[in-house]
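Not measured: the values here are computed from a predicted model. Protein chains get the first letters and strands the later ones, always in sequence-line order, with residue 1 at the start of each.
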Amino acid sequence: QQQVKQSPQSLIVQKGGISIINCAYENTAFDYFPWYQQFPGKGPALLIAIRPDVSEKKEGRFTISFNKSAKQFSLHIMDSQPGDSATYFCAASMLGNTGKLIFGQGTTLQVKP
Amino acid sequence: DSGVTQTPKHLITATGQRVTLRCSPRSGDLSVYWYQQSLDQGLQFLIQYYNGEERAKGNILERFSAQQFPDLHSELNLSSLELGDSALYFCASSPRVSNNYGYTFGSGTRLTVV
């Protein structure tokens, strides 16, 4: 029940295309859903996050879509660029007296020029 | 530079040994988190400290321990090391006890047990 399942494991997209990464969770107590981007040799960096009271959040080329009833959320990267090539992690947590994050397994994105 | 400093960046040690990983949080952050990243397990939460006190515990082995000092830096101690402990160990910090606005990761310590 604490798991967050992420797919696909890897993704290859042409420059200018749309990259879509999906995540699903089971624990309805989760109420904060961030996405992290990780480049080789670096730590994960917060990309964008959403709370379940909204169905979509957009920041630049990055959009989170959230479906509370289906317990799913996804990251869309519009106009994907080679510089977006990285590993992306979805995560979930419960706002409360800890900041523990449950991470998905990660998606390695390669954007071909 | 994320503001979270981890040392050392790389560590190679033998099975059965003990190592200490160090983390200095971002200025003003009171919470420190430790995560283990391995190829087959992804990012696994180990432990959280808030202002010197243990706040949450994840799948942390009994051979591992951590503490947060009065100056808020944290150390993760790994003992009786096994080959399977080889992984990237990340520290992260946040201003508060909960994860209201996300937190900041360091660049990690790559531990190789041989």
Side-chain angles (χ1 to χ4, degrees), chain A residues 1-10 21 23-25 27 29-54 57 59 62 64 73 75 86-108, chain B residues 1-7 9-10 21 23-26 29-51 53-60 68 87-110:
Chain A
Q1 200 177 22
Q2 286 289 320
Q3 281 187 324
V4 176
K5 295 183 180 179
Q6 183 172 346
S7 63
Q9 191 172 0
S10 62
I21 304 170
C23 285
Y25 64 98
N27 190 341
F30 288 146
D31 54 8
Y32 175 71
F33 302 90
W35 284 88
Y36 282 82
Q37 179 188 55
Q38 184 179 27
F39 293 104
K42 302 290 186 183
L46 179 64
L47 191 60
I48 186 172
I50 197 168
R51 301 192 198 286
D53 53 344
V54 296
K57 183 174 181 180
E59 290 184 3
F62 300 91
I64 300 178
F73 58 109
L75 176 70
T87 300
Y88 293 81
F89 293 93
C90 62
S93 73
M94 292 174 276
L95 291 176
N97 61 356
T98 89
K100 171 184 174 180
L101 277 175
I102 307 297
F103 281 89
Q105 288 296 97
T107 297
T108 301
Chain B
D1 182 11
S2 68
V4 178
T5 304
Q6 288 189 249
T7 56
K9 291 194 183 305
H10 302 277
L21 312 183
C23 170
S24 293
R26 215 173 43 160
D29 285 356
L30 299 178
S31 271
V32 170
Y33 311 80
W34 287 97
Y35 283 82
Q36 180 190 57
Q37 185 176 34
S38 56
L39 283 174
D40 58 343
Q41 293 289 322
L43 275 158
Q44 298 288 316
F45 171 75
L46 295 178
I47 198 163
Q48 176 193 1
Y49 278 83
Y50 174 74
N51 205 19
E53 294 188 2
E54 182 183 305
R55 188 57 94 155
K57 219 166 185 176
N59 298 323
I60 187 167
Q68 187 180 27
L88 269 168
Y89 290 85
F90 286 104
C91 168
S93 71
S94 68
R96 302 177 184 85
V97 66
S98 65
N99 189 18
N100 291 331
Y101 300 102
Y103 41 67
T104 305
F105 281 85
S107 293
T109 293
R110 181 175 294 280

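Heavy atoms from other residues, nucleotides or ligands lying under 6.0 Å from CG of B/N59 number 12 at most. Counting non-hydrogen atoms of other residues, nucleotides and ligands closer than 6.0 Å to CD of A/E59 gives a total above 12.
Less than 6.0 angstrom separates the ring centroid of A/F103 from the ring centroid of B/Y35.
Only the side chain of A/Q38 comes within less than 4.5 Å of a heavy atom in chain B; its backbone stays farther off.
Atom OG1 of A/T87 is separated from atom CG of B/L43 by 10.0 Å, given to the nearest 0.5 angstrom.
Annotation: side chain of A/L101 is in contact with side chain of B/Y103 (closest heavy-atom distance under 4.5 Å).
Closest of all the heavy-atom pairs between B/Y33 and A/K100 is CE2-N, 4.2 Å. Nearest heavy atom pair, residue A/F89 against residue B/Q37, reads CZ-NE2, 3.3 Å.
In terms of heavy-atom pairs under 4.5 angstrom with chain B, the leader among A/G106, A/G43, A/A91 is A/G43.
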Derivation of the ring-ring contact (aromatic ring centres under 6.0 Å, His included) call for B/F105 and A/Y36: CA-CA 10 Å; B/F105 281 85; A/Y36 282 82; 5.5 Å; yes
